[in-house]
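These numbers come from the heavy atoms of this one structure, side chains and all, not from hydrogens, waters or symmetry mates. Per chain, numbering begins at 1; letters A, B, ... match sequence-line order.
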There are 2 protein chains.
Amino acid sequence: MYDRRLDALIAAAETGSFAAASRRLHVSTPALVKQVNTFEREYGITVFDRSRSGVTPTAAGAEFIEDARSIVRQSNEIIARMRRRAHTGTPPVRLGISMLRPARRILDLWQREADPRIRVELVSMPDDEVPIDDIIAHLGEDIDAVATAFAPEHWTEVCGTLPISYEPLCMAVSRGNPLSRRPRLRLDDLDGRDGTRTRIRILRRCGGTDDIARDLLERLAGVELVDIDHYDLNLFNECAETGDLLISKPMWDGVHPQLVNVPVDWPRPVGMRYGLLYPADPEPQIRAFVERIGALAGVASEP
Amino acid sequence: MYDRRLDALIAAAETGSFAAASRRLHVSTPALVKQVNTFEREYGITVFDRSRSGVTPTAAGAEFIEDARSIVRQSNEIIARMRRRAHTGTPPVRLGISMLRPARRILDLWQREADPRIRVELVSMPDDEVPIDDIIAHLGEDIDAVATAFAPEHWTEVCGTLPISYEPLCMAVSRGNPLSRRPRLRLDDLDGRDGTRTRIRILRRCGGTDDIARDLLERLAGVELVDIDHYDLNLFNECAETGDLLISKPMWDGVHPQLVNVPVDWPRPVGMRYGLLYPADPEPQIRAFVERIGALAGVASEP
DNA sequence: GCCGCTTACGGAAAACGTAATAATC
DNA sequence: GATTATTACGTTTTCCGTAAGCGGC
């Protein structure tokens with residue numbers, strides 16, 4: 001909105017030093033000096049008297065700095081007004097995020113080419129108390145969209161779905177476990193040796209995709225399956241501490257520093273879709289948001 | 001002072017077309033479009049609605065354009081004020097210029113690195129009526145400095161001199177004359193053949209440098225010297241029309257489109273100095289101007 | 001067919017950072 | 001010795017123009 005060199009001039013006037021001003025603005029000193037010099041030469045004015053021990057504004061320069069401050073202030077106000085004007089009447093898209101469902105991939109896509117007409121607001125989701133199903137069932141009330149792994153056929157009646165990638169089930173392994181250094185895991189690798197059974201935590205049977213993995217793992221004598229009700233942060237903490245393995249997904253890479261996700265060579269594809277869940281009857285701005293994300297991800301959105 | 005992209009935004013709003021705006025601002029259409037796009041994305045706002053047949057400002061965009069106009073107006077006023085403040089109290093340096101004494105070399109040096117504290121004002125000098133000597137004798141009254149060829153020893157008592165280059169006498173030849181295509185001329189080349197004598201116009205003997213050239217040329221039987229009192233535009237016109245040669249100097253390159261200056265291999269150096277003449281007791285700003293020009297030309301100024 | 005907006009790509013210009021110099025406290 | 005302004009130089013980034021594609025009048 002305004003010439004960036006004004007920042008350099010103002011900082012130099014306030015600090016009385018090109019070096020100090022350059023540090024404040026996080027640029028090198030010669031770069032800032034050049035900004036000031038080119039500015040002065042471009043407009044044929046002298047703002048600063050230089051000396052070996054700093055710089056001081058000229059009499060006229062001091063008044064100029066005041067004017068420059070005014071320009072900067074007004075410019076900021078103008079763009080703030082502009083933003084406000086554009087946003088009045090159009091409510092934001094409230095995107096739910098949490099440690100277990102950080103919408104990182106979605107936000108990466110969004111900030112690559114955001115549509116300025118749509119404002120995205122991040123709202124916190126609990127990872128523990130409220131089951132994710134409840135949140136999804138009430139999309140459009142407090143939260144408009146969530147990014148998660150899901151089975152599309154499960155939600156077609158409840159909400160809209162925008163799958164943007166495939167999310168194969170993998171295994172979260174503690175860094176102390178030699179398995180964590182394998183590039184991939186086969187089922188044989190999971191079978192316990194020497195009488196010790198490998199403990200694997202897995203969602204208890206409830207008709208979802210995880211049941212396929214459970215069927216495959218139950219055939220292994222050296223595997224002890226430990227049922228879990230739902231995923232939460234405490235589950236990751238426990239697995240990190242006990243060394244138990246955990247059925248995981250790529251979207252949870254890096255959730256716990258002690259656990260690494262290792263791909264598993266399942267005999268047949270075992271995985272879910274990853275993408276956005278949004279209200280079955282979305283508001284216009286939500287629909288626009290979903291469509292833009294779909295376009296950026298290179299997929300078509302489904303009603 | 002302000003972001004140059006504002007000009008693009010305003011022009012686009014006024015013309016209703018990126019293409020028309022680009023023509024007004026003398027840039028290519030894609031360049032202007034990119035300016036608008038990067039601006040909008042940088043601040044996350046939408047100023048224009050695009051269509052295949054032009055662009056129209058958004059409701060909020062139209063108000064933004066008004067604000068932008070205000071910023072541009074204020075910025076211009078601020079730098080104008082700054083200039084006025086800096087100049088009050090310091091009178092300008094009045095540099096005399098005319099067709100025969102265009103201070104081109106001086107102005108090139110000056111605009112390469114002008115001192116913003118010194119304001120240079122160009123004032124017109126007559127080439128015909130008033131002899132240059134009168135102007136030089138009155139330096140500091142209406143005109144503070146002139147750029148011309150001169151013999152330093154002639155003026156040491158009258159005014160200050162700043163020689164910045166050597167100006168060898170050369171020959172102005174009409175383009176129709178085969179001599180005009182020679183890279184250099186020897187005295188033999190000037191000697192007339194077949195009974196026709198080469199007419200050469202030269203300053204009448206008055207104790208100056210030109211007398212040396214006159215001495216050399218008078219020995220040539222095939223040369224007819226035609227005396228002139230002083231140099232003026234009409235003299236160049238006459239030589240162009242009659243085909244007479246004219247003792248000239250490099251500083252007059254391009255004064256008359258029909259005449260070209262060709263260097264002459266004089267048996268011994270025949271030339272003058274080129275530079276600035278200024279008052280013997282110059283005002284501070286004049287002294288500063290002369291010193292700056294001397295520094296830019298790489299010579300030391302002489303009192 | 002012409003004129004508008006948009007995208008892609010190559011080259012020119014500007015900006016920056018590092019390093020080195022000189023002067024000051 | 002530490003800090004300052006300034007210069008020089010190589011590198012990176014930005015900017016612009018040309019060319020081409022695409023859609024509307």
Side-chain angles (χ1 to χ4, degrees), chain A residues 1-58 61 65 112-117 292 295-296 298, chain B residues 1-43 45-58 61 65 111-117 292 295-296 298:
Chain A
M1 191 70 195
Y2 59 88
D3 193 327
R4 292 169 307 120
R5 291 174 294 183
L6 290 186
D7 290 329
L9 288 163
I10 293 172
E14 289 181 351
T15 61
S17 156
F18 286 161
S22 73
R23 286 192 292 271
R24 175 194 288 191
L25 298 181
H26 306 106
V27 295
S28 71
T29 307
L32 184 133
V33 170
K34 201 160 201 173
Q35 286 184 8
V36 175
N37 287 340
T38 59
F39 186 92
E40 287 187 330
R41 195 159 305 163
E42 183 172 327
Y43 293 108
I45 61 182
T46 302
V47 181
F48 292 104
D49 283 329
R50 278 91 165 154
S51 88
R52 290 293 178 183
S53 61
V55 296
T56 54
T58 304
I65 292 294
R112 184 186 308 168
E113 199 168 1
D115 183 335
R117 291 166 303 188
R292 170 57 79 104
L296 290 173
Chain B
M1 192 72 196
Y2 60 89
D3 193 325
R4 293 169 308 122
R5 291 175 293 184
L6 291 185
D7 289 328
L9 289 162
I10 294 173
E14 290 181 351
T15 61
S17 157
F18 287 161
S22 72
R23 286 191 292 272
R24 176 195 286 191
L25 299 182
H26 306 108
V27 294
S28 70
T29 307
L32 186 133
V33 171
K34 203 160 200 173
Q35 286 184 7
V36 175
N37 287 341
T38 59
F39 186 92
E40 287 187 331
R41 195 158 304 165
E42 184 172 329
Y43 293 108
I45 61 181
T46 302
V47 180
F48 292 104
D49 283 329
R50 279 91 165 152
S51 88
R52 292 292 178 187
S53 60
V55 296
T56 53
T58 303
I65 293 294
Q111 83 173 20
R112 185 185 307 170
E113 198 169 1
D115 183 337
R117 291 166 304 186
R292 170 57 78 104
L296 290 173

Roughly, in whole Å, what's the span from [atom1] in [X] to [atom2] in [N]?
| X | N | atom1 | atom2 | result |
| --- | --- | --- | --- | --- |
| F18(A) | dT7(D) | CZ | P | 11 Å |
| L32(B) | dC5(C) | CG | C1' | 12 Å |
| K34(B) | dG10(C) | NZ | P | 13 Å |
| R52(B) | dG21(D) | CZ | C1' | 10 Å |
| D49(B) | dT6(C) | CG | P | 11 Å |
| Q35(B) | dT6(C) | CD | P | 14 Å |
| E42(A) | dA14(C) | CD | P | 11 Å |
| R50(B) | dC3(C) | CZ | P | 22 Å |

Taking for each residue the nucleotide of DNA chain D bearing the nearest heavy atom, is the 5' side occupied by A19(A) or by S28(B)?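 First, find each residue's nearest nucleotide; the 5'-ward one identifies A19(A).
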Return the nearest nucleotide to the side chain of P30(B); candidates are dG17(D), dC16(C), dT18(D).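 Given the options dG17(D), dC16(C), dT18(D), the side chain of P30(B) is closest to dT18(D).
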Among dC16(C), dA5(D), dT6(C), which is the nearest nucleotide to the side chain of V55(A)?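 Among dC16(C), dA5(D), dT6(C), the one nearest the side chain of V55(A) is dA5(D).
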Below 4.0 angstrom from OP1 or OP2 of dT24(C), is there any side-chain N or O of S53(A)?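 Checking S53(A) against dT24(C): no side-chain N or O falls below 4.0 Å of OP1 or OP2.
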Hey, does the side chain of S17(A) come within less than 4.0 Å of dT3(D)'s phosphate (OP1/OP2), counting only N and O?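 Result: no.
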Students often get this wrong, so: under 4.0 angstrom with heavy atoms, is [X] touching a base, only sugar-phosphate, or nothing?
| X | answer |
| --- | --- |
| T29(A) | base |
| R4(B) | sugar-phosphate |
| R23(A) | sugar-phosphate |

Side chains of T38(A) and R5(A): donor-acceptor distance under 3.5 Å anywhere?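 Yes - a donor-acceptor pair under 3.5 Å links their side chains.
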Indicate yes or no: at least one non-hydrogen side-chain atom of D49(A) is less than 4.5 angstrom from one of V55(A).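 Result no, sub-4.5 Å side-chain heavy-atom pair not found.
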Whether E40(B) and R50(B) form a salt bridge (side-chain N of Lys/Arg under 4.0 Å from carboxylate O of Asp/Glu) is what I want to check.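 The answer is yes: the pair qualifies as a salt bridge.
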Does any N or O in the side chain of Y2(A) come within less than 3.5 Å of the main-chain N or O of D7(A), such that one atom is a donor and the other an acceptor?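 The answer is no, because no donor-acceptor pair under 3.5 Å joins these two groups.
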Side-chain donor or acceptor of T29(A) paired with backbone N/O of S22(A) under 3.5 Å: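 No, T29(A) side chain to S22(A) backbone: no donor-acceptor pair under 3.5 Å.
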